[in-house]
Amino acid sequence: MELKSQLVKKSDYLWELPPHVKKGMRVPAQVYASKKILEEIGGDKSLEQLTNVAMLPGITKASIVMPDVHEGYGFPIGGIAATAWPDGGISPGGIGYDINCGVRLLTSNLQKEDLKGRGEELAKALYAQIPSGVGKGGNIQLSEKELDKVLTLGVQWALKNGYANKEDIDKIESRGRLDNADPVCVSEYAKKRGIDQLGTIGSGNHFVEVSYVDKIFDQEVAQIFGLREGQLTILIHTGSRGLGHQIASDYMKLMVASMGKYGIEVPDRELACVPFNSQEGQQYFKSMAAAANYAWCNRQVITWEIRNAWKEFFKGKDTKLGVLYDVAHNIAKVEEHVVEGKKKKLIVHRKGSTRSFGPGHPEVTECYKSTGQPVIIPGSMGTASYVMAGTAQAMDESFGSTCHGAGRRMSRRAAQRAVNIHELEKELVGKNIFVRAGSRSGVSEEAPIAYKDIEEVIEVVHQAGLAKKIARLRPLAVIKG
DNA sequence: ATGTGC
C-alpha cells in the first residue's frame, strides 16, 4: 500500500507511519506537516526514505521530517535521525554532501531607506567582492599547513588572522569550532579541492542576500536579537564547498565497503553506516568535524568580504555589521536528550534541519539564554526568510530541531523546464529585487515555483511549537553562483 | 550540493 495513505494523524501538524507499515522499521516515522503541505509530500521518494531511516541501527524514538522535506541522497532532506551513543550508526548520507551547509545572518545599523535606488549597484558591488560559482576559487592563498589549521580551529583561525571580531565567535553555533576535528582523516584530494575555496559562495541554492526586516512578530525577543523594523540585514547561505563534498564521497564509499564487517544491513546503499565508535565511524566523524570547521570559517571570511564592501559602499554612514547568529543545517552532533523520561546521549544527524535549542539550554550562548537560540530559515529566491527562536517543545519532540528552508517541490531539471528565465527576471525586478548571478540556468533552478511556500512551512513549525516566529525578512539584492 | 555521470 502507498505509504502516504497510511499516515496516522497525531495532531493538526504531526503525522506518523507506525513501525508495522514496513518490515525492518525499528521506530515510527514522523512527518511534521499541515494538510496543505502534506498534499505536496510523497511525489518523490521522501516518505520511502523516511521509513528506510527508521531501520538504522540504534535509531531512537523516531525517524523525523520537517515540512520542508524532499528527496535526498538516501536520507530525505529536512530530516532528523538520532542514534544511540556510542555504538549506534553514523551515516554520511544522514548529513549530506554539503557538510555544515548553513546560514548566517548579519545585522546592520542602517535602514532600508539608506539603500533607496541603489539596490542594483549594491548587488554589483557585493558580486565583485565575493567569489561565487561552481568550482570557483577565492582570493585567499592557504598553505597546506594553514589549511590544516582552518580544519582544526574553524573560526578561531579566522579570528587569529584578522577575518573575525571577538564578538562574532559567541554568535556562531558551537562557537564555530568542533574540537574533535582531525585533518589526518581528510584525504589529500579533499584538501586540494578546499585549499583555494575559503571565502567563496559556490552555486546551487547558495547565496548572499541583502534583506530588510519586514515584520516583527515578537518585539521583546527581536530586541534581544538586535532586530528592528526596516533594518538592513544580510543572509549568507553556503557550506564546505568542494572539500566537504569530497569528504562525503570518500566516506560514503568507505562505509559501503566496511558495513558488512559490522553485520549492518540497510535497505538502501545510500544509507550506508557503521557504528559511531568503530574505527571508520570515528574517522568519518573527525573528518566531518574538519569540514564543519571549514564551512564556519568560510561563512566568516565571506562576512569579512561583505564588511569590506559595505564600508566602501555606505561610506560616511554607520557601516558596522554584527553577527546575529550562524546555524549549521547539515551536520551530526553528539547531544544529550530526554527520551521517555530518561537522559540519553545520542548521535543526532540533521540533514536539512536546524537546531532549535530552547531557553536555558547549556549549549545556548549566554546572550540568548533567555530567548532560546536564534534559528535562521532562508526562503527561496525572491521570497521571505524568517528569524525564529528555539523552544523547549522542540527539545521534547524533535531532538531540539526544526526546518531549514522552504524545501524543493520540483527537481532542478523540472525547474529548468518549467521556468521562463526572462519572465522570472522581469518578475524579480518588478518586485525591486536585484539578482546578480554567474549562471542563468542556476537562477531558473532556484525559482520560487520550484520551492514550497515558505509561509506555510514556517506556520507548521511555529504552530507545532518547534520554533517561534520572531521576524520576517524581505530580499532586496541577491548574489548567486 | 558538486571541477554535475557507472
Side-chain angles (χ1 to χ4, degrees), chain A residues 44-46 49 68-79 91-104 131-138 186-198 200-208 236-253 256-257 268-270 272 287-288 290-292 294-296 298-299 302 327-332 349-354 378 380-381 404-417 437-447 450-451 479-481:
Chain A
D44 58 10
K45 285 196 281 189
S46 54
Q49 293 180 330
D68 52 344
V69 60
H70 59 102
E71 179 182 331
Y73 179 91
F75 292 61
I77 292 163
S91 174
I95 288 132
Y97 273 101
D98 190 3
I99 296 166
N100 191 4
C101 183
V103 211
R104 175 181 292 214
S132 64
V134 195
K136 278 283 163 59
V186 178
S187 70
E188 286 307 310
Y189 187 36
K191 288 181 186 173
K192 192 182 156 198
R193 286 182 71 174
I195 201 155
D196 68 342
Q197 292 190 324
L198 207 56
T200 67
I201 304 178
S203 66
N205 63 358
H206 289 167
F207 62 78
V208 167
I236 304 165
H237 180 198
T238 187
S240 52
R241 309 284 286 102
L243 178 126
H245 188 272
Q246 193 57 46
I247 290 173
S249 306
D250 290 344
Y251 280 94
M252 282 169 185
K253 219 195 255 170
V256 170
D268 178 352
R269 286 171 83 81
E270 295 181 359
S287 221
M288 183 216 73
Y294 182 94
W296 273 312
N298 189 28
R299 292 195 284 276
I302 291 171
V327 295
H329 56 221
N330 280 9
I331 203 161
H349 300 70
R350 293 191 184 84
K351 182 186 194 180
S353 166
T354 317
S380 57
M381 184 179 57
H404 86 304
R408 275 195 176 277
R409 70 167 167 209
M410 244 183 236
S411 70
R412 288 169 202 274
R413 271 178 65 108
Q416 292 245 16
R417 278 196 294 267
S439 134
R440 274 193 147 173
S441 61
V443 175
S444 307
E445 289 176 0
E446 298 307 315
Y451 284 84
I479 314 303
K480 295 179 57 58

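Order of the sequence lines fixes the chain letters, A, B, ..., with proteins taken first and strands second; residue numbering starts at 1 for each chain.
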Query raised in the report: Going from OG1 on A/Thr354 to CG on A/Asp68, what distance comes out if it is rounded to the nearest 0.5 angstrom?
Result: 7.5 Å

Query raised in the report: Within the structure shown, what part of the strands sits under 4.0 Å from A/Glu445 by heavy-atom distance: base, sugar-phosphate, or nothing?
Result: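 If one applies the 4.0 Å heavy-atom cut-off, A/Glu445 turns out to touch nothing in the nucleic acid.
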
Query raised in the report: What does A/Arg408 touch in the nucleic acid at a heavy-atom separation under 4.0 angstrom: a base, only the sugar-phosphate, or nothing?
Result: nothing

Report summary line: By side-chain hydrogen bond (donor to acceptor under 3.5 Å, both in side chains), A/Ser444 pairs with (sequence neighbours left out) none

Report task. Taking side-chain hydrogen bond (donor to acceptor under 3.5 Å, both in side chains) as the test, write out the residues that go with A/Ser411, two or more places apart. Result -> none

Could you tell me the separation between the [atom1] atom of [X] and the [atom2] atom of [N], rounded to a whole number of Å?
X: A/Lys480; N: B/dT2; atom1: NZ; atom2: P; value: 10 Å
X: A/Lys253; N: B/dC6; atom1: NZ; atom2: P; value: 11 Å
X: A/Leu243; N: B/dT2; atom1: CG; atom2: P; value: 12 Å
X: A/Asn330; N: B/dT2; atom1: CG; atom2: C1'; value: 13 Å
X: A/Glu446; N: B/dT4; atom1: CD; atom2: P; value: 18 Å
X: A/Met252; N: B/dC6; atom1: CE; atom2: C1'; value: 17 Å
X: A/Glu270; N: B/dC6; atom1: CD; atom2: P; value: 10 Å
X: A/Tyr97; N: B/dT2; atom1: OH; atom2: P; value: 13 Å

Report task. For the residue pair A/His237 and A/His329, categorise the inter-ring angle as parallel (less than 30°), tilted (30 to 60°) or perpendicular (more than 60°). Result ->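 Taking A/His329 first and then A/His237, their aromatic rings stand perpendicular (interplane angle over 60°).
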
Report task. Please check the phosphate of B/dT2 (OP1 and OP2 only) for any side-chain N or O of A/Ser203 closer than 4.0 Å. Result -> yes

